[in-house]
Amino acid sequence: MKPYTLAKAVLAASVGLSACAAQAADVTFTFTNTGPVGGVGVAPLWLGLHNGSFDSFDVGSAASVAIERAAEDGNAGVLTSNFASQVTGGRQTTLPNGPRFPGATSTYTLHNVDLNGANRYLSYAAMVVLSNDFFIGNDNAKAIDLSSLAGGGQLSLALGGAGHVYDAGTEQNNFGYSVANAAFGIGGGQKGPNQGIDEHGVVHVVTGNPYQGFVDNNNFVPANFDWTPLNFNNQQAFGRLDISVAAVPEPETYAMLFAGLGLMGVVARRQKKTGA
Ligand SMILES: [Ca+2]
Ligand SMILES: [Ca+2]
Ligand SMILES: [Ca+2]
């Protein structure tokens with residue numbers, strides 16, 4: 001093999017290895033509430049990266065306790081512990097800084113994520129407030145495949161909006177026990193976890209302007225309350241999840257690359273000597 005050919009072969013081998021090896025990545029999630037002023041808030045967004053095996057809910061079936069807690073109380077604690085115990089090699093986080101109301105953002109970076117394997121699929125869930133048990137999330141565990149970003153890149157997902165908000169079916173919609181009433185200037189509300197009247201229903205899509213149908217409207221809602229920003233009939237997506245991935249070269253990849261470059265240096269020096 002001629003030295004030049006050898007050098008090309010080594011370079012091709014090292015580049016090929018870096019493309020094929022399990023590529024670790026740093027994944028930064030940024031949630032922005034894009035809703036109108038006076039629109040819904042979103043509880044701290046839970047995010048899980050898994051191999052396709054973690055299915056957090058099914059429309060038409062009763063919600064798990066994990067979804068009940070997340071949807072009623074904005075508490076992803078049970079969801080988090082279920083994910084930790086059920087998903088091999090899974091990665092998860094709940095975005096910091098409390099509920100995000102319109103205009104607010106929250107961000108977090110997970111390091112050394114395997115988007116080609118154990119962490120290929122994204123699941124998310126968060127309570128929608130004002131509500132008793134409304135939430136956003138993905139029913140299909142494999143709906144969001146991030147493997148195309150394994151080498152780096154960006155993706156933005158639209159969250160919520162008409163047809164994309166679920167009622168967990170676990171608590172009757174009643175302002176007497178709904179979370180975050182105060183943030184909207186509405187009386188009543190929930191004073192502790194898991195309050196309210198059991199609904200004994202199934203997970204279903206919220207349609208129309210759900211708040212008009214809440215029980216006890218007249219007791220808690222001020223006269224002339226502006227429902228427009230809360231009307232799910234008119235509503236665009238009210239959340240945006242920006243996903244930014246930076247590939248992290250692995251130590252072996254560096255080693256191969258340096259070995260390849262070093263060998264090329266030797267070859268170059270030989271070529272100089274021999275005048276090849
Ligand atoms: Ca499902
Ligand atoms: Ca409900
Ligand atoms: Ca409940």
Side-chain angles (χ1 to χ4, degrees), residues 40-43 45-83 85-87 90 92 99 120-146 157 159-160 162-181 184 186 188-217 219-221 227 230-233 235:
V40 294
V42 178
L45 189 68
W46 172 83
L47 299 162
L49 292 166
H50 54 89
N51 59 7
S53 64
F54 191 76
D55 189 1
S56 54
F57 69 95
D58 295 315
V59 166
S61 296
S64 63
V65 172
I67 287 295
E68 180 181 358
R69 294 289 180 272
E72 289 186 12
D73 304 332
N75 179 358
V78 180
L79 194 55
T80 298
S81 57
N82 284 359
F83 187 88
S85 64
Q86 294 171 16
V87 180
Q92 62 177 325
R120 175 174 175 172
Y121 297 100
L122 172 68
S123 287
Y124 67 94
M127 181 182 191
V128 174
V129 294
L130 178 65
S131 84
N132 291 82
D133 60 343
F134 292 173
F135 71 103
I136 53 174
N138 53 311
D139 182 337
N140 181 348
K142 294 186 176 178
I144 309 169
D145 181 350
L146 300 182
L157 302 174
L159 308 185
H164 300 284
V165 175
Y166 300 100
D167 184 314
T170 56
E171 181 179 325
Q172 290 182 18
N173 301 333
N174 181 327
F175 280 113
Y177 303 99
S178 64
V179 166
N181 287 22
F184 295 83
I186 297 174
Q190 182 171 313
K191 308 290 186 244
N194 194 28
Q195 287 184 340
I197 305 160
D198 286 341
E199 185 174 343
H200 302 296
V202 296
V203 177
H204 57 280
V205 173
V206 173
T207 55
N209 181 349
Y211 303 106
Q212 296 284 26
F214 273 37
V215 180
D216 289 336
N217 263 5
N219 293 337
F220 298 113
V221 182
W227 295 102
L230 293 169
N231 189 336
F232 282 20
N233 268 341
Q235 207 160 41

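Ligands are counted one by one from 1 in listed order, and the atoms in each one are counted from 1 as well. In what follows, every heavy atom counts, from backbone to side chain, and hydrogens, waters and symmetry copies are set aside.
Here D58 contributes OD1 and D139 contributes OD1, and at the Ca ion (ligand 1) these two atoms make an angle of 100°, given to 10°. Geometry about the Ca ion (ligand 2) gives an angle of 80° between OD1 of N173 and OD2 of D167, rounded in steps of 10 degrees.
Note on the Ca ion (ligand 3): protein N/O/S atoms under 3.0 Å are E68 OE2, E72 OE1, E72 OE2, N194 OD1.
The structure places CD1 of I144 at 9.0 Å from CG of L47, a figure rounded to the nearest 0.5 Å. Interatomic distance, F214 CZ to N174 CG, rounded to the nearest 0.5 Å: 8.5 Å.
Between the side chain of N194 and the backbone N or O of D73, no donor-acceptor pair lies under 3.5 Å.
The Ca ion (ligand 2) sits nearest to atom OE1 when only the N, O or S atoms of E199 are considered. Of all N/O/S atoms in D55, OD1 sits nearest the Ca ion (ligand 1).
Inclusion of F57 in the first shell of the Ca ion (ligand 1) is supported: an N, O or S atom falls under 3.0 Å.
Within 6.0 Å of OH in Y177 there are 12 or fewer heavy atoms belonging to other residues, nucleotides or ligands.
For F57 and Y166, the ring centers sit closer than 6.0 Å to each other.
No side-chain donor from either of Q190 and S178 sits under 3.5 Å from a side-chain acceptor of the other.
Considering only heavy atoms from C-beta on, L146 stays 4.5 Å or farther from Y121 through its side chain. Put simply, the side chain of F135 does not reach to within 4.5 Å of the side chain of V165, judged on heavy atoms.
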